[in-house]
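Whatever order the structure lists them in is the order used to number ligands and atoms, beginning at 1.
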Amino acid sequence: MRVLLVEDEPDLGAAIKRTLTQHKYLVDWVIDGDEAWAYLENSWTQYTLAIFDWMLPKSSGLELCKRLRKFNNPLPVLMLTAKDSMEDKVAGLDAGADDYLVKPFGMAELLARLRALQRRSPQFKPQKLTVGNLSLDYGNNLVVSQNLQEIILTNKEFQLLEYFMKHPHQIITTEQIRNQLWEVNAEPVSNVVAAQIRLLRRKLANVGCDHVIETLHGLGYRFNVN
Ligand code: CA
């Protein structure tokens with residue numbers, strides 16, 4: 001699940017990003033409203049959720065929200081703010097925010113609000129994704145094979161396998177994987193994708209399923225359902 005976080009306070013932004021990353025979200029963090037809009041305009045469909053701070057340099061979180069809804073964009077938005085008067089809350093919700101969290105807040109509350117937003121969102125994820133002989137268990141970071149052997153995956157392995165399972169029989173390039181699973185500002189390490197796939201295959205080999213990810217030399221990879 002990819003989240004766009006727009007927060008200009010460095011400590012808070014870093015803390016939110018760290019927490020969400022630990023909980024399997026992939027976070028693109030930007031610090032002003034104009035940069036956020038550039039991301040939203042070009043690639044909002046990549047995101048499951050957005051978190052906007054209200055007070056931001058350039059465009060405010062409120063303006064971002066209004067602009068999204070003006071274009072009938074349904075991306076769920078959680079607004080963060082130091083404001084807590086009833087009028088402010090109404091203004092935020094009127095602008096199209098789905099929920100509202102007043103600073104300071106605890107990370108457990110933030111996570112709970114995000115889960116609630118996901119449940120209401122059309123992009124809500126099920127507890128399990130099953131393709132062929134493999135079943136991904138979102139609650140436990142597990143993949144379960146046909147003979148019910150369980151493999152514990154790291155977050156990145158989980159995201160990678162999920163991406164493959166959602167695109168069976170398709171040729172997927174290294175570039176596509178990198179764009180989808182690594183943050184936009186991540187260092188471009190040329191063989192990070194290949195290294196990650198090697199690790200994932202090694203785990204899948206333990207249950208005899210390493211062949212599901214095929215390497216197509218010069219083209220990319222393909223997930224084969226069996
Ligand atoms: Ca701010």
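- Exactly one residue among Val143, Leu199, Leu160 makes a side-chain contact (heavy atoms from CB on, under 4.5 Å) with Leu153. That residue is Val143.
- Asp8 has no carboxylate O lying under 4.0 Å from a charged side-chain N of Lys58, or vice versa, which leaves the two without a salt bridge.
- Protein N, O or S atom count below 3.0 Å of the Ca ion (ligand 1): the structure gives 3.
- Partners of Glu214 by salt bridge (charged side-chain N to carboxylate O under 4.0 Å, His left out), not counting sequence neighbours, listed by chain and number: Arg222.
- Within the cation-pi definition used here (under 6.0 Å to the ring centroid, within 45° of the axis), Lys156 qualifies as a partner of Trp182.
- Remark: Glu9 CD to Leu80 CG distance equals 9.5 Å, nearest 0.5 Å.
- A distance-only check finds a donor-acceptor pair linking the side chain of Arg201 to the backbone of Ile213 [under 3.5 Å].
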